[in-house]
J.: 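Here it is, the structure, as structure tokens.
In what follows, chains are A, B, ... by sequence order, proteins preceding strands, each numbered from 1. Only a predicted model underlies this, so the values are computations on that prediction, with no experimental measurement involved. Because only heavy atoms are used, hydrogens play no part in the values below, and waters and symmetry mates are left out as well, while side chains stay in.
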Protein chains: 2
Amino acid sequence: MKRVSATELAALLQGAIIRLNRRMRHTRPLGELTLSQLSALTSLELGGALSPRELAETERVRPPTMTRIIAKLENRGLVRRTPHPTDGRQIILTTTEAGRAAVREATQAKQAWLAERLNELNEEEQETLQRAATILEKIASS
Amino acid sequence: MKRVSATELAALLQGAIIRLNRRMRHTRPLGELTLSQLSALTSLELGGALSPRELAETERVRPPTMTRIIAKLENRGLVRRTPHPTDGRQIILTTTEAGRAAVREATQAKQAWLAERLNELNEEEQETLQRAATILEKIASS
DNA sequence: TTGGTAATGAGCTAAGCTAACTACCGTGAC
DNA sequence: GTCACGGTAGTTAGCTTAGCTCATTACCAA
């Protein structure tokens, strides 16, 4: 494999990510839930109880964006909002039982599109992607 | 590094890609050009002369979406539309000199956000991401 | 003529930002 | 203890970006 420069790699990676993100948008792992909603729900389940601000930071969106996502999830009974015990400005978000079930279902869905694509890869490729996911997440955090 | 299953890897990768894509949206490598516009312009420059349909396929969007992107690029003088020599239904898209310069600038911009992040990685990490980009692009094509 | 293809316009949803506003908190001065 | 001030949290409103489907028009090939 021929090594490329950082700027060339940036172009390759950027293109791949944009297109794969587009591709993922078409899949609806859980009925009506969109990719963004499911992503937020998953982060909330993993993070336990979070404030909207914390969840927005985790997901790399601004708070008003997260407010909208949360409203949708709450409407669907997947998220619960409770007042903060000591800070009147805050609320605490937790997943409901239905929300946890949804995350479980999406996480373990054998028929999930991306999981299927990954299953078609060999072990080395999967390993490469696992390493890459960690690095990409680090970049997204910066 | 502990190996995970394909479904777990799907969750990791999906999250990383969603968040990194969001992060990239914030960067405007070339003034007013959006990520989608720049991506299309880059693909067109790499592909030479393409029809709107071909460019849409390359970018993983539907033709009407690409029509809109092209209109924006043409307005900015970055893309040229010419009638197809033998097929009256088609047009041929090519980059103008200004478009080529824009792609060159974006590709080589040392200060580009993603390139800078990649420059902060070690060689092994860059190599991992280069391999991963190829795999991700393959998945996006499926 | 018929069936198919290409491009576009219209209408809609998803996704995200910023600005502005309201409510609340913590701290320092009095 | 009270109050003013600066800061924080969450939300609403308005806007742009991103993308799809459906319908339409024009053109092609058999």
J.: Distance check: side-chain N/O of B:S51 vs OP1/OP2 of C:dA6, anything under 4.0 Å?
T.: no

J.: Once you round to the nearest 0.5 Å, how far does CZ of B:R22 lie from OG of A:S39?
T.: 5.5 Å

J.: Grab the two heavy atoms, one from B:R117 and one from A:S142, that are nearest each other, plus how far apart they are.
T.: CD-OG, 2.9 Å

J.: Should A:I91 and A:T82 be marked as a side chain to side chain contact (heavy atoms under 4.5 Å, CB included) after you check the CA-CA gap, both sets of side-chain angles, and the distance that decides it?
T.: CA-CA 6 Å; A:I91 63 169; A:T82 50; over 6 Å; no

J.: In a check of side chain to side chain contact (heavy atoms under 4.5 Å, CB included) between A:V79 and each of A:T94, A:T96, A:L41, A:L55, which one passes?
T.: A:L41

J.: Kindly indicate whether the side chain of A:Q126, heavy atoms from C-beta on, has any atom under 4.5 Å from the side chain of B:R3.
T.: yes

J.: Specify the separation, in whole Å, of atom CZ of A:R60 and atom C1' of C:dC17.
T.: 17 Å

J.: Could you state the atom-to-atom distance from CZ of A:R23 to P of D:dG19 in whole Å?
T.: 14 Å

J.: Rounded to whole Å, how long is the line connecting atom NZ of A:K72 with atom P of C:dG16?
T.: 12 Å

J.: Check the distance between C:dT18's P and B:R25's CZ and give it to me in whole angstrom.
T.: 11 Å

J.: Roughly, in whole Å, what's the span from CG in B:L33 to P in D:dT17?
T.: 11 Å

J.: Please report, rounded to the nearest Å, how far the P atom of C:dA14 is from the CZ atom of B:R22.
T.: 15 Å

J.: Can you list, by residue number, the residues of residues 81-94 of chain A that have a non-hydrogen atom closer than 4.0 angstrom to DNA chain C?
T.: A:T86, A:D87, A:G88, A:R89

J.: So do the side chains of A:S141 and B:R23 get within less than 4.5 Å of each other, counting heavy atoms only?
T.: no

J.: Can you list, in residue-number order, the parts of residues 61-68 of chain B that come under 4.0 Å of DNA chain C, counting heavy atoms only?
T.: B:P63, B:P64, B:T67, B:R68

J.: Checking A:Q14 side chain against A:A11 main chain: does a donor-acceptor pair fall under 3.5 Å?
T.: no

J.: Can you establish whether the number of heavy atoms outside A:E123 located under 6.0 Å from its atom CD is more than 12?
T.: no

J.: Report yes if a side-chain nitrogen or oxygen of B:T34 is closer than 4.0 Å to either non-bridging phosphate oxygen (OP1 or OP2) of D:dA18; otherwise report no.
T.: yes

J.: CD1/A:I92 to CZ/A:R80 distance, rounded to the nearest 0.5 angstrom?
T.: 12.5 Å

J.: Quick one: B:L35 CG to C:dC17 C1', roughly how many Å, whole number?
T.: 15 Å

J.: Grab the CE-P distance between B:M24 and D:dT17 for me, whole Å please.
T.: 17 Å

